[in-house]
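Atom set for the values below is all heavy atoms of this structure, side chains included, hydrogens, waters and symmetry mates excluded. Everything quoted here is computed from the prediction, not taken from an experiment. Sequence lines set the chain letters: A, B, ... in the order given, protein chains first and strands last, and positions in each chain run from 1.
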Amino acid sequence: MASSAGQPQFRYTQPPSKVLHLRNLPWECTEEELIELCKPFGRIVNTKCNVGANHNQAFVEFADLNQAIAMVSYYASSSEPAQVRGKSVYLQYSNRQEIVNNKSTGDVASNVLLVTIEGVDSGDVSIDVLHLVFSAFGFVHKIATFEKTAGFQALVQFSDADTAASARSALDGRSIPRYLLPEHVASCHLRISFSAHTDLNVKFQSHRSRDYTNPNLPVNPSAIDGAGQFTVGPDGKRRELESNVLLASIENMQYAVTVDVLNTVFSAFGRVQKIAIFEKNGGFQALIQYPDIATAVLAKEALEGHCIYDGGYCKLHLSYSRHTDLNVKGNNDRSRDYTIPASGMLPAQPPSLAGAAPAAVGGWQGPPSTPIMYSGNEFMSSPCPPQPGGVPRPQHLQGWEYGQSQIASQTPGPNAFSSPAYAGQGPLITPPMPSPPGLVASNIGTNNLQSSNHSPHIGQPQMPYYGHQQMQMQMPGGLPPVSGGTPAYHM
DNA sequence: AGCACA
């Protein structure tokens, strides 16, 4: 059976791939040697060296398929074989289309090092100590430190990748000298890889970040952990430094919050460019990138302290991120780049889950395709155990038609939040939140517009936040409407 | 000299 007309184990011609498989390499051939060999044909985006029992195979991934084809074609018709250290190298298309997580990109050279300091708290190793240690290898441009689940980490920026590489090879796995550390620190190993960054965005000198190239950079008297940075306002008070990227942490997360949900929520204020969600110290956080600061400010003011779902669930805390442009690689369940056109089937606009909605909503008879509707599948399907005290299940089912009818209407005044029309129409279960009634979204605009047709929903469950035009209405003029079509923003 | 495992 095995030999009959089946696929031979190896074919002479593989289907093209931007990944090439190289054989007969010299022992422990380095990435530099591979790149040297391949880079005349295109840009190498990833490699995997020392593959196979003999460590004499490797994979090289080009940025573009045509580059891989160019290399294979060239050597197929060349009288000189590809060579490394005088050895003939055999190359062919890999049977995979990409190199899968070779070394988590930490091995592709960069002038910026990602340093994980094991076994210490962030307070144990000062930025000055790091600066001292890494300056032994060359001029350190910038350092940024932060706390991650992996531990205390630092990004250390050198002039070039060579300098960074020398620091890395000298220090990786080593320990910071004891005399530079507090006495209680037992050990302090450095794990060093290359960062994907090339230029750190340091806005202040602080105990968390330094820019040694700019002595005039303002000193931040009190950089606060976690959130963005602060500046001193005209009134002498500390003021959060605004950014086009919001950092959202979510409290009381009883229900899953997906990229799509966030996109829907935050798109109410303007076009969302990128979203990344991640865990930090066991908490849920997300970064939401807008094209400009004004939009972010608007979204922050409107959403801060509000809950995505009524009942105090998924309460948003917003601050300004230090980031200005998120490094979102692929579109997956943790991150999304909405600025990439035609990226698969992903909608550039808030998800239109029209197909799923009617069934899920049950009885909703609205039009089949409504870009603003978020069906909230996850939530629909999540079991909602009855709770004492009449706490409702997260109520998505009610009110859909109200939201729907919103579409045609545009415009309660800018004071929808504080409109007297809302008095007494807060959520049944008043969440222990300050200010605006209940669920940010569930009330805004809906009852306001519909109160003549519908009785208030006191005692009734509420729908999830999907507020789109509701929020739009709040925008103090001038904001481009969130509409379909090509984004008017560019990176 | 013939396809990796995060």
From [atom1] of [X] over to [atom2] of [N], roughly how many Å is that when rounded to an integer?
X     : N     : atom1 : atom2 : value
A/N50 : B/dC3 : CG    : C1'   : 15 Å
A/N56 : B/dA4 : CG    : P     : 13 Å
A/K48 : B/dG2 : NZ    : P     : 17 Å
A/I99 : B/dC5 : CD1   : P     : 12 Å
A/L34 : B/dA4 : CG    : C1'   : 14 Å
A/Q92 : B/dC3 : CD    : C1'   : 8 Å
A/L91 : B/dC3 : CG    : P     : 15 Å
A/N54 : B/dC3 : CG    : C1'   : 14 Å

Angle between ring planes, A/Y255 versus A/Y313, binned at 30° and 60°: parallel, tilted or perpendicular?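 Rings of A/Y255 and A/Y313: perpendicular, as their planes differ by over 60°.
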Quick one: label A/E98 by what it contacts on the DNA or RNA (base, sugar-phosphate, nothing), any heavy atom closer than 4.0 Å.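 Base contact.
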Side chain proximity check, A/F62 to A/I44, heavy atoms < 4.5 angstrom: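 In short, these two side chains touch, coming nearer than 4.5 Å.
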Should A/Q57 be listed as having a side-chain N or O under 4.0 Å from OP1 or OP2 of B/dG2?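 A/Q57 to B/dG2 OP1/OP2: side-chain N or O found under 4.0 Å.
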Please figure out whether A/K87 or A/V19 has its closest DNA chain B nucleotide nearer the 5' end.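 Going by which nucleotide is closer to the 5' end, it is A/K87.
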Is there ring stacking between A/F59 and B/dA4, where the centres must be under 5.5 angstrom apart and the planes under 30 degrees? yes
Assess the pair A/F137 and A/F158: is the distance between their ring centroids shorter than 6.0 Å?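 No, the ring of A/F137 stays outside the 6.0 Å limit from the ring of A/F158, centre to centre.
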Which pairs with one or both residues in residues 169-192 of chain A pass ring-ring contact (aromatic ring centres under 6.0 Å, His included), sequence neighbours excluded?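 Those involving residues 169-192 of chain A do not exist here.
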Closest to the side chain of A/H21, out of B/dA6, B/dA4, B/dG2, is B/dG2
